[in-house]
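When a residue number appears, it is its place in the shown sequence, counting from 1. This one's a predicted model, so the numbers in the text were calculated from it and none came from an experiment.
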Amino acid sequence: MSEAITTQPPSHRVLPHELPASLRDAGLTNWIREPLDDAVDRRRRIIMPPAAAAMGTPASAYQGALLAEARHPDTLFMMGDNPALPTMPERPVLKDFFLLRFSPIARTHLLQSARVARENGLDEKVIMACLVHDIAIAGLLSANHGYWGAQMLGPYVDEEVAWAIEKHEALRYFPDESVGYTYPEAYIDYFGPEYSPPEYLRREHEAARRHRWYMTSRLITMNDIYSFDPNVVVNFDEFEDVVARNFRQPSEGLGFDGSPVAHMWRTMIWPNNFL
Ligand SMILES: [Fe+2]
Ligand SMILES: [Fe+2]
């Protein structure tokens, strides 16, 4: 019997097992992918919730239970391509992340912001900045997204573009009447009317206002739209020329060029890797 088990491929060993009720009750079924029909084997893949996503939620208490689940012979931790995600090319370019990884709402938001910037006749640097200003929200993390985004893009865009993206996060909270920018109504809905930005963002805003590139960052906030016509479809190809002139695509592909931020792009390629 034991010989039969060792000589059979994994696909024949699978016996679907019921998830313990404690994991189901904690909502962790969402982190466990049952084998897809076209999977390379028939093993269940567990996605360990990233610490930043699990903290403060029931998921953080169940890491031990997920580790125990992964010891079942028909269960593994997710490593490499998640079959539920489109496969990325070997040498991904910026467009691949837009089309194959970013959530539809974030992709639309970025593309529409860039289109508004172009329609407003703004400089290409600003159009480029608008196109990628929330790239961290789209593919990595929302908290501190301006800073994550600026770092991810740093090696590939003009220094002014990366700076503007970093600072737009703070500038969004502070009106500038001289250019007609007011506190976003959406933020009142999202964070409540009493929300007040923390001190470090106040300091960032003050410093950014005195910087020579202030207006570049301010222009991102002014083209940072929230409401749009769902019937208006903006194609990434509309900005291929801007990207070609303003984004230094590495020949090895984003994630594989050995840059100090390559790991951030790889995290978007394989966001569910256990390690
Ligand atoms: Fe933003
Ligand atoms: Fe935005």
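The heavy-atom pair separating Asp257 from Ala262 by the smallest distance is OD1-CB, 3.5 Å. Closest approach of Met88 and Pro92 over heavy atoms only: CE-CB, 3.8 Å.
Remark: side-chain polar atoms of Tyr181 are paired, donor with acceptor, to backbone N or O of Arg172 under 3.5 angstrom. Remark: side-chain polar atoms of Asn120 are paired, donor with acceptor, to backbone N or O of Val116 under 3.5 angstrom. Proximity of a side-chain donor or acceptor of Gln151 to a complementary backbone N or O of Ala162 within less than 3.5 Å is not detected. At least one donor-acceptor pair under 3.5 Å links the side chain of Ser60 to the backbone N or O of Thr57. Listed for the Arg118 side chain is a donor-acceptor partner under 3.5 Å among the backbone atoms of Glu238. Put simply, the side chain of Arg101 gets close to the backbone of Pro86: a donor and an acceptor are under 3.5 Å apart. Although no hydrogens or angles enter the test, the distance criterion places no donor-acceptor pair under 3.5 Å between the side chain of Arg43 and the main chain of Leu76. Between the side chain of Asp123 and the backbone N or O of Lys125 there is at least one donor-acceptor pair closer than 3.5 Å. Using modelled atom types, no side-chain atom of Arg209 and backbone atom of Tyr214 make a donor-acceptor pair closer than 3.5 Å.
For Asn144, the side-chain contact (heavy atoms from CB on, under 4.5 Å) test picks out Tyr147, Trp148, Glu169, Tyr200, with sequence neighbours left out. Listed by chain and residue number, Met48 satisfy the side-chain contact (heavy atoms from CB on, under 4.5 Å) test with Gln63 (two or more places apart in sequence, or in another chain). Residues meeting the salt bridge (Lys or Arg N to Asp or Glu O under 4.0 Å) test with Arg245, sequence neighbours left out: Glu124, Asp241. Partners of Arg202 by side-chain contact (heavy atoms from CB on, under 4.5 Å), not counting sequence neighbours, listed by chain and number: Phe174, Ser196, Pro197, Glu199.
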Requested in this report: Show the numbers, then the answer: is there a side-chain contact (heavy atoms from CB on, under 4.5 Å) between Phe102 and Met268?
Outcome: CA-CA 9 Å; Phe102 295 173; Met268 295 193 290; 4.0 Å; yes
**Report entry** Worked verdict on Tyr156 versus Trp265 for side-chain contact (heavy atoms from CB on, under 4.5 Å)
**Finding:** CA-CA 12 Å; Tyr156 315 112; Trp265 297 87; 3.6 Å; yes
Query - Steps toward side-chain contact (heavy atoms from CB on, under 4.5 Å) verdict (Phe97, Arg107) - result: CA-CA 10 Å; Phe97 289 89; Arg107 175 169 61 232; over 6 Å; no
Report task. Show your working on side-chain contact (heavy atoms from CB on, under 4.5 Å) between Asp176 and Thr221 and close with a plain yes or no. Result -> CA-CA 10 Å; Asp176 182 346; Thr221 69; over 6 Å; no
Query - Asp96/Arg91 under salt bridge (charged side-chain N to carboxylate O under 4.0 Å, His left out): CA gap, chis, key distance, verdict - result: CA-CA 9 Å; Asp96 296 317; Arg91 298 174 182 211; over 6 Å; no
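When the options Glu166, His168, His133 are evaluated for a side-chain hydrogen bond (donor to acceptor under 3.5 Å, both in side chains) with His145, the one that passes is His168. Checked against Leu131 for a side-chain contact (heavy atoms from CB on, under 4.5 Å), the options Asn246, Val161, Val243 give a single hit: Val243. For the side-chain contact (heavy atoms from CB on, under 4.5 Å) test with Phe247, the passing option among Val93, Val132, Leu153 is Leu153; the others fail.
Taking the six-membered ring where the residue is Trp, Phe274 and Phe77 present parallel rings, their angle staying beneath 30° rather than reaching 60°.
Cluster partners of Trp163 are Trp213, counting Ile, Leu, Val, Met, Phe, Trp and Tyr whose side-chain heavy atoms approach within less than 4.5 Å, directly or via other members. Under the 4.5 angstrom side-chain criterion for Ile, Leu, Val, Met, Phe, Trp and Tyr, Met55 has no cluster partners at all.
One hydrophobic cluster, built from ILVMFWY side chains closer than 4.5 Å, cannot hold both Leu201 and Leu171; they sit in different ones. Following chains of ILVMFWY side-chain contacts shorter than 4.5 Å, one can reach Val234 starting from Leu94, so the two form part of one hydrophobic cluster. Under the 4.5 Å side-chain contact rule for hydrophobic residues, Phe239 and Val126 do not share a cluster.
Close placement of the Tyr173 and Tyr187 rings is indicated, their centers lying within 6.0 Å of each other.
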